[in-house]
Amino acid sequence: MSHPAPFIARDLLPDQEQKQAALNYLSEAWAEARHDGIDGDCLAQASLFAAFAELVRTYGEDAVAKFVEGLVVRVRNGEFSTTTARQ
């Protein structure tokens with residue numbers, strides 16, 4: 001049994017293109033949830049839980065814990081900020 005062509009095409013996308021497509025899907029889902037009245041903080045916490053659960057399934061707890069340790073510096077360096085404050 002073969003997969004439909006769209007699934008095969010997505011499997012062949014380079015990693016960066018898959019990440020961009022995934023971000024687009026998540027942005028659309030996020031916008032729809034906000035439109036339906038879901039609080040942004042609730043969305044963020046649920047998204048983080050789902051993301052970390054998937055990473056743990058894929059890489060294991062030790063690898064994810066090591067990854068999380070590096071997030072402190074990345075957050076403080078503004079990697080996740082969508083706007084920059086001007087002084």
Over 12 non-hydrogen atoms of neighbours within 6.0 angstrom of CZ in F49: no
D62 CG: over 12 foreign heavy atoms closer than 6.0 Å: no
From CG (L23) to CD (Q20), nearest 0.5 Å: 5.5 Å
Cluster link L55 to V75, ILVMFWY, side chain under 4.5 Å: yes
Between CZ on residue R57 and CZ on residue F52, distance to nearest 0.5 Å: 13.5 Å
Contacts of R76 that satisfy salt bridge (Lys or Arg N to Asp or Glu O under 4.0 Å) - sequence neighbours left out: none
Heavy-atom closest pair, residues D41 and Q45: OD2-NE2, 2.8 Å
Transitive ILVMFWY side-chain link V73 to L48, under 4.5 Å: no
Cluster link L26 to I38, ILVMFWY, side chain under 4.5 Å: no
Residue pairs passing the salt bridge (charged side-chain N to carboxylate O under 4.0 Å, His left out) test where at least one lies in residues 18-40, sequence neighbours excluded: D15-K19
Heavy-atom closest contact (G40 atom, W30 atom, distance): O-CZ2, 3.7 Å
